[in-house]
Amino acid sequence: MDINSLKEAQLSLSKKVRASDEKQCVETIAGVDVAYNEQSSEVVGAITVLNADTLKVLEVQTSIEPISFPYIPGLFSFREVPPLLNAYNKLTITPDLIVCDGHGLAHPRRFGLACHLGVTLDIPTIGCGKTKLLGEFNKLAAHRGATADLLDNDEVIGKVLRTQDNIKPVYVSIGHKVSLDTAVEWVLKLTPKYRLPETTRQADQLVNKTLKEHREKTYEKT
DNA sequence: GCGACAG
DNA sequence: ATCTTGTCGC
């Protein structure tokens, strides 16, 4: 599978993305993250399901497998989706919404990780990246809740959102079956204390812990 | 050619 | 993403 055909696949799949709210009641929200061990060429994918109201962790699952795709900006999801799907398939709870650590529509072909995961699972998803991949935006106020449109020419592809006072903003975009305004609302609800959504923080801690334990276990045998 | 480039 | 110690501050 060459790069151009994968880009064609993204353009085709992007037509399946739904950009409006389609879930009436959200009780559980999942967070996903991935960590790599380039030395052993292994990847850990993790998913954490939280109670949408209390933000307490309800269930966590992980998957360790060989890295199957290199990191290529714009084709990022082909590297992260496999381990995330394997972790997701172990869940006993079906989350009402998934927050991804990467962009959704704020992507060159409007098909970032959040869209890819959302369309694949047919579940509402939100893209919440730590750094920009595409687009321009004006300065935003320094307080929590301040936003600025993320624009690609004249098209609004996402929102730059400051989740804490005087802290570097995050980039929120539609993944699937959710509107941009609702996506921003959720990210704000998920960041009562830290810059990144609680879902992402939990998943991040989980992948790092899992990768560390796996390294130590492998080291003992060698 | 030059700069940008999710994790 | 990952390589990496101490350190400033609540």
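Naming convention: chains lettered A, B, ... in sequence-line order (proteins, then strands); numbering from 1 in each chain. Computation of the quantities below employed the complete heavy-atom set of this structure, encompassing side-chain atoms and omitting hydrogens, waters and symmetry-equivalent molecules. Quick caveat: nothing in here was measured; it's all calculated off a predicted structure.
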- Task: Nearest whole angstrom, please: distance from the C1' of C/dA1 to the CZ of A/Phe69.
- Result: 16 Å
- Task: Using atom NE2 of A/His116 as one end and atom P of B/dA6 as the other, report the distance to the nearest whole Å.
- Result: 18 Å
- Item | For atom CG of A/Asn208 and atom C1' of C/dT4, their distance in whole Å | 14 Å
- Query: Using a cut-off of less than 4.0 Å, is there contact between a side-chain N or O of A/Thr131 and OP1 or OP2 of B/dC5?
  - Reply: no
- Message: Tell me whether the count of non-hydrogen atoms from other residues, nucleotides or ligands lying under 6.0 Å of CG in A/Asp165 goes above 12.
- Response: yes
- Message: Would you say A/Thr191 and A/Arg144 are linked by a side-chain donor-acceptor pair, where the criterion is simply a distance under 3.5 Å?
- Response: yes
- Message: Once you apply a heavy-atom cut-off of 4.0 Å, does A/Asp101 come out as touching a base, just sugar-phosphate, or nothing?
- Response: sugar-phosphate
- Message: Starting the side chain at C-beta, find the nucleotide from B/dG7, B/dA6, C/dT2 nearest to A/Glu80.
- Response: B/dG7
- Message: I need the CD1-P distance between A/Ile72 and C/dA1, as an integer number of Å.
- Response: 18 Å
- Query: With a non-hydrogen cut-off below 4.0 angstrom, is A/Gly74 in contact with a base, only sugar-phosphate, or nothing?
  - Reply: base
- Taking CG from A/Asn37 and C1' from C/dT2, how many angstroms apart are they, rounded to a whole number? 10 Å
- Query: A/Lys130 side chain N/O closer than 4.0 Å to the phosphate oxygens (OP1, OP2) of B/dG7?
  - Reply: yes
- Presence of salt bridge, A/Lys159 and A/Asp149, under 4.0 angstrom: yes
- Between B/dG7, C/dT2, B/dC5, which nucleotide gets closest to the side-chain atoms of A/Asp33? B/dG7
- Task: Stems involving DNA chain B: give each as a range paired with a range, ordered by first number, where a stem means at least three consecutive Watson-Crick or G-U wobble pairs under 3.5 Å.
- Result: none
- Taking atom NZ of A/Lys212 as the centre, does the number of heavy atoms from other residues, nucleotides or ligands within less than 6.0 Å exceed 12? no
- Message: What is the separation between atom OH on A/Tyr71 and atom C1' on B/dC5, rounded to the nearest whole Å?
- Response: 6 Å
- Message: Quick check: do A/His107 and A/Ile157 have side-chain heavy atoms less than 4.5 Å from each other?
- Response: no
- Query: Can you tell me how far the CD atom of A/Glu59 sits from the CG atom of A/Leu91, to the nearest 0.5 Å?
  - Reply: 4.5 Å
- Message: By the 4.0 Å heavy-atom rule, please label A/Ala106 as base, sugar-phosphate, or nothing.
- Response: nothing
- Task: Anything under 30° is parallel, anything over 60° is perpendicular, the rest tilted; go ahead and classify A/Phe78 against A/His116.
- Result: perpendicular
- Query: Can you check the A/Lys212 NZ to C/dT2 P distance for me, whole Å?
  - Reply: 14 Å
- Whole angstrom value for the distance that separates C1' of B/dA4 from CZ of A/Phe76: 17 Å
